[in-house]
Novice: 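One structure follows; several queries about it will come next.
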Amino acid sequence: MPAPAWLLPDDWGRVLGPDAPLLETFVRVTIVYFVLILVMRVVLKREAAGLSVRDLLVLVLVADAVQNGLAGPYASVANALLAGITLILWDYALSAVEYRWPRVRRFLEPSPLVLVRDGRLLRHNMAKELITEDDLLTQIRQQGYERIEQMRLVVMESDGRISVIPR
């Protein structure tokens with residue numbers, strides 16, 4: 001018994017075959033991916049450690065804003081899969097390159113930043129990442145300490161997390 005007409009598409013080629021050139025989809029995704037990596041590397045280091053509701057909203061809006069530029073106006077499964085696979089493959093490739101060549105890693109990932117040394121705030125470094133004293137105290141308390149004076153070193157790691165080394 002054949003399936004009802006309303007259940008199946010008229011043209012499977014339209015659904016499964018590409019409706020935009022595959023190379024164009026690959027190039028669009030590649031350009032957007034690398035530009036966003038650069039912007040996030042420069043701007044969003046602090047936000048990488050923990051996403052607030054505002055941060056999550058920004059990520060969703062960025063994804064929506066770049067979607068058309070990312071893949072163009074496509075409706076086919078082939079182009080959607082290529083866009084997703086391209087993102088995953090570039091992420092994997094960059095991880096492999098960072099592993100193999102540390103110089104590239106230093107370019108793609110920010111260096112750790114010292115925020116407290118010997119119980120003294122390094123306000124210039126805190127200003128670079130827009131970290132307030134209250135933000136820093138919150139991080140220190142979450143790791144079981146009460147005061148900045150108890151710290152030998154507090155470092156913002158390249159992934160945005162805060163490391164604490166007590167005196």
Side-chain angles (χ1 to χ4, degrees), residues 24-74 79-167:
E24 177 187 335
T25 299
F26 179 81
V27 170
R28 284 174 174 267
V29 170
T30 298
I31 290 169
V32 171
Y33 178 74
F34 281 101
V35 168
L36 288 178
I37 280 180
L38 181 64
V39 170
M40 290 181 175
R41 182 317 195 171
V42 172
V43 177
L44 294 180
K45 176 179 166 185
R46 179 177 170 213
E47 272 61 337
L51 293 178
S52 68
V53 172
R54 192 180 79 225
D55 300 328
L56 183 60
L57 178 61
V58 168
L59 288 175
V60 168
L61 291 174
V62 165
D64 186 52
V66 302
Q67 186 273 328
N68 286 337
L70 192 66
Y74 67 79
N79 288 98
L81 287 174
L82 179 62
I85 289 168
T86 300
L87 288 169
I88 292 167
L89 289 177
W90 274 121
D91 188 56
Y92 180 81
L94 284 179
S95 294
V97 166
E98 287 177 343
Y99 176 77
R100 194 169 182 99
W101 293 289
R103 283 187 172 174
V104 174
R105 184 178 332 121
R106 285 191 295 269
F107 175 74
L108 291 176
E109 291 188 20
S111 304
L113 183 66
V114 177
L115 304 174
V116 175
R117 185 181 313 274
D118 296 324
R120 289 190 319 259
L121 294 172
L122 301 179
R123 293 191 186 277
H124 178 71
N125 287 354
M126 291 170 61
K128 285 181 184 178
E129 294 297 328
L130 301 176
I131 296 176
T132 66
E133 189 172 341
D134 288 339
D135 291 340
L136 191 59
L137 284 169
T138 299
Q139 293 290 325
I140 290 171
R141 283 193 302 271
Q142 287 176 348
Q143 296 189 37
Y145 301 97
E146 294 177 15
R147 296 185 328 272
I148 291 172
E149 294 77 24
Q150 294 175 283
M151 301 298 106
R152 183 167 62 91
L153 208 58
V154 176
V155 178
M156 175 180 274
E157 303 296 347
S158 61
D159 65 359
R161 287 181 290 151
I162 302 289
S163 296
V164 171
I165 301 170
R167 286 183 183 225

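Quick caveat: nothing in here was measured; it's all calculated off a predicted structure.
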Novice: Supply the atom-to-atom distance E157 CD to I162 CD1, rounded to the nearest 0.5 angstrom.
Specialist: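 Result: 8.5 Å between the selected atoms.
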Novice: Does either side chain, that of D135 or that of T138, offer a donor lying less than 3.5 Å from an acceptor on the other one?
Specialist: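 Per modelled atom types, D135 and T138 side chains form no pair under 3.5 Å.
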Novice: Under 3.5 Å, is there a donor-acceptor pair between the side chain of N125 and the main chain of L115?
Specialist: no
Novice: Give a yes or no on whether the backbone of R147 and the side-chain of Q150 come within a donor-acceptor separation of less than 3.5 Å.
Specialist: yes
Novice: One pair to check against side-chain contact (heavy atoms from CB on, under 4.5 Å): V116 and L122. What are the steps and the verdict?
Specialist: CA-CA 6 Å; V116 175; L122 301 179; 6.0 Å; no
Novice: Are the side chains of L87 and V29 in contact, using a 4.5 Å heavy-atom criterion?
Specialist: yes
Novice: What's the separation between atom NZ in K128 and atom NE2 in H124, rounded to the nearest 0.5 Å?
Specialist: 4.5 Å
Novice: Going by heavy atoms in the side chains, are M126 and T132 under 4.5 Å from each other?
Specialist: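 In short, these two side chains do not touch, never coming nearer than 4.5 Å.
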Novice: Measure the spacing between OG of S111 and CZ of R105 and express it to the nearest 0.5 Å.
Specialist: 11.5 Å
Novice: Can you find a pair of side-chain heavy atoms, one from R152 and one from D118, that are under 4.5 Å apart?
Specialist: yes
Novice: Give a yes or no on this: more than 12 heavy atoms of other residues, nucleotides or ligands lie within 6.0 Å of atom CZ of R117.
Specialist: no
Novice: List the steps and the verdict of side-chain contact (heavy atoms from CB on, under 4.5 Å) for V155 and L113.
Specialist: CA-CA 5 Å; V155 178; L113 183 66; 5.8 Å; no
Novice: Run I148 and L137 through side-chain contact (heavy atoms from CB on, under 4.5 Å) and show every step you take.
Specialist: CA-CA 7 Å; I148 291 172; L137 284 169; 3.7 Å; yes
Novice: Dump the intermediate steps for side-chain contact (heavy atoms from CB on, under 4.5 Å) on E24 and V27, then the final yes or no.
Specialist: CA-CA 5 Å; E24 177 187 335; V27 170; 5.9 Å; no
Novice: Please round to the nearest 0.5 Å and tell me the distance separating atom CD1 of I140 and atom CD of E149.
Specialist: 9.0 Å
Novice: Can you tell me how far OH of Y33 sits from CG of L94, rounded to the nearest 0.5 angstrom?
Specialist: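 Those atoms lie 5.0 Å apart.
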Novice: Should we count CD of Q142 as having more than 12 external heavy atoms under 6.0 Å?
Specialist: yes
Novice: Is R167 atom CZ crowded by more than 12 heavy atoms from other residues, nucleotides or ligands, each under 6.0 Å away?
Specialist: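 Atom CZ in R167 is crowded, with more than 12 foreign heavy atoms closer than 6.0 Å.
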Novice: I'd like to know if R123 and E133 make a salt bridge, using a cut-off of under 4.0 Å between side-chain N and carboxylate O.
Specialist: yes
Novice: Rounded to the nearest 0.5 Å, how far does CE of M156 lie from CG of L136?
Specialist: 8.5 Å
